[in-house]
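Counting starts at 1 for both ligands and their atoms, following the listed order. Quick note: residue numbers are just sequence positions, from 1. Computed over heavy atoms, backbone and side chain alike; hydrogens, waters and symmetry mates excluded.
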Amino acid sequence: MSKLLDKIVSLCKRRGFIFQSSEIYGGLGAAYDYGPLGVELKRNVHGSWWQAMVYQHDNIEGVDASILMHPTVWKASGHVDAFHDPLIDDKASKRRYKADQLIEGHIAKLRDKGKEAQAEAVHQRLLEALNADDLPKALYAIIMDEEIRAPDSGAFDWTEVRQFNLMFETHVGPLAGSDNTIYLRPETAQGIFVNFHNVRETARLQVPFGIAQVGKAFRNEIVARQFIFRMREFEQMEMQYFVKPGTQMEAYEEWKEKRRQWHIDNGVRPEKLRWHVHEKPAHYADAAVDIMYEFPIGWQEVEGIHSRTDFDLGKHQEYSGKKMEYFDPQIKERYIPYVVETSVGLDRTILMLLSDAYREEQLENEQRVVMSFHPKIAPIKAAVFPLVKKEGMPEIAHAIEKDLRKHFNAFYDEKGSIGKRYRRMDEAGTPYCITVDGETLEDGTVTIRDRDSLEQVRIPKENVVAFVQDKVRDWQPAG
Ligand code: GAP
């Protein structure tokens, strides 16, 4: 892990954002629990997505489909036959690797050593291998020819490459058997496709329209060593936008821009975002692009926007025998709508926001770590401190806290020096700290300290709620 990621992981545990799952039993790999601050951050991001996708579009409605679905759903979607990772084992260390990632690591090393021509040749071979009929054999051949060694043990002692399905299996009923095998959904999208007619008819929607969903997805990821970047249980925020065939590119371009803007509106620095266009999209897509973020582990996908044609609805029509067509009253024709999908990981968005917000700053007398979240996603919007625990200051501070809590999550702290209390709130990413002091007792004013600029202003205590509300609404990143 990168040093910065280590620091973020440690802050997350120290302040109660994210913990390893089942920690007291030694932890469970690639599964994480959100603590008091983390759960607030997650709720705020979920809310921001729902607001931007559902409430701001009169033609997008939400669903909450079940995680367990009829097994034929996954046959129809292609996940049973093709949702695989090519894996290879190092016999020396018994560690397992994704064969394509191993080769990508080798290419990066060649580039670092200035062996550009060789790197490019291996890159081309990898692209061909990824489209080969026998993917495992093609990847194995590259590993052998390039004599790629295991990153951990340094050994060159590999098993064959074999395909491994990423879906978690479970069984319906008391007995385990192949005839009652079902899967934990590996994406939320299929819950939307199978409800296409239910939602369209009940919400009386006409093409173009969208269905949005936020929910858990499960993938038995093999390489999962990057905190909440790649998890086995995670949440997705997906929206399928159903359009008339032939108009999908217009919708695709529109959603690309809207989705990038959403990340910026949540405070992400635009220079940390870039596009990755898929030159060869999957066989069922006619265009695909990823929004990439510069994570502490490098540039990685945070969201995918995919023009998926009529593939999914077409397959569900074929496997279920139920018509997935739409009668378009404007042209008086039936067709299976095309779909533009936007798919973003909620946890991966959280890691992006944590990474983007993390700052180490040298103040006059000390260093501070501050999480510079956009106030609208910050877990706590305002904290209230009595300067001392006497002279009626705690009572006034509690009254202000109570007022704030009617509108958003607020916090009261009277323990330790004011400096320590500020440091705690800086690490929690609380944008505004209100202090009740001697002057408050005289003239009813309090100080409000801005997390980022450290500026302090004095305002009447009755105006605190409106002040914080205005600031949360109008906030602009510093600089
Ligand atoms: N329905 C399309 C779909 O699921 P995907 O690219 O496989 O597409 C979409 O996943 C998003 O879900 C990714 O961009 C990422 O943000 C998130 N995601 C995928 N696998 C994940 C994992 N193992 N852990 C955390 N987030 C993941």
About how many Å separate OH of Tyr358 and CD1 of Ile8, when rounded to the nearest 0.5 Å?
7.0 Å
Evaluate the side-chain proximity of Glu238 to Glu187: yes if any heavy-atom separation is below 4.5 Å, no if none is.
yes
Heavy-atom contacts with Glu341 under 4.0 Å: which atoms of ligand 1 show up? List them by number with element.
1 (N), 2 (C)
For Phe229, the ligand 1 atoms with a heavy-atom partner under 4.0 Å come out as 24 (N), 25 (C), 26 (N)
Asp312 bridged to Arg308 by N-O distance under 4.0 Å
yes
Salt bridge or not between Arg348 and Glu303? Use side-chain N to carboxylate O under 4.0 Å.
no
Tell me the contacting part of [X] for ligand 1: side chain, backbone, both, or neither, using a 4.0 Å heavy-atom threshold, strictly below.
X: Arg230; answer: both
X: Glu303; answer: backbone
X: Val302; answer: backbone

Ring pair (Phe, Tyr, Trp, His ring centres under 6.0 Å), paired with Phe227, selected from Tyr32, Phe295, Phe234, Phe17
Tyr32
Protein contact to [atom] [nearest heavy atom, distance to 0.1 Å]:
atom: atom 10 (O) of ligand 1; value: Gln236 NE2, 3.4 Å
atom: atom 6 (O) of ligand 1; value: Glu301 OE2, 3.2 Å
atom: atom 26 (N) of ligand 1; value: Phe234 CD1, 3.5 Å
atom: atom 9 (C) of ligand 1; value: Ser343 OG, 3.0 Å

Pick whichever of Glu238, Met237, Arg185 has a heavy atom sitting closest to atom 3 (C) of ligand 1.
Glu238
Closest to atom 5 (P) of ligand 1 by heavy-atom distance, out of Arg308, Glu187, Arg219, Gln240, is Arg219
Sequence neighbours excluded, the answer for salt bridge (Lys or Arg N to Asp or Glu O under 4.0 Å) partners of Lys91 is Asp157
Geometry only, no angles: is Gly345 polar-contacting ligand 1 at N/O separations under 3.5 Å?
yes
Mind checking whether Met231 has an N or O less than 3.5 Å away from an N or O of ligand 1?
yes
For side-chain contact (heavy atoms from CB on, under 4.5 Å), just list the numbers for Phe373 and Leu354, CA-CA rounded to whole Å, side-chain angles, deciding distance to a tenth of an Å, and then say yes or no.
CA-CA 8 Å; Phe373 296 124; Leu354 289 166; 3.9 Å; yes
Ring-plane angle category for Phe196 and Phe209, please: parallel below 30°, perpendicular beyond 60°, tilted otherwise.
parallel
Determine, step by step, whether Gln190 and His316 satisfy the side-chain hydrogen bond (donor to acceptor under 3.5 Å, both in side chains) criterion, reporting the C-alpha distance in whole Å, the side-chain angles of both residues, the deciding distance to 0.1 Å, and the verdict.
CA-CA 10 Å; Gln190 299 305 323; His316 286 305; 2.7 Å; yes
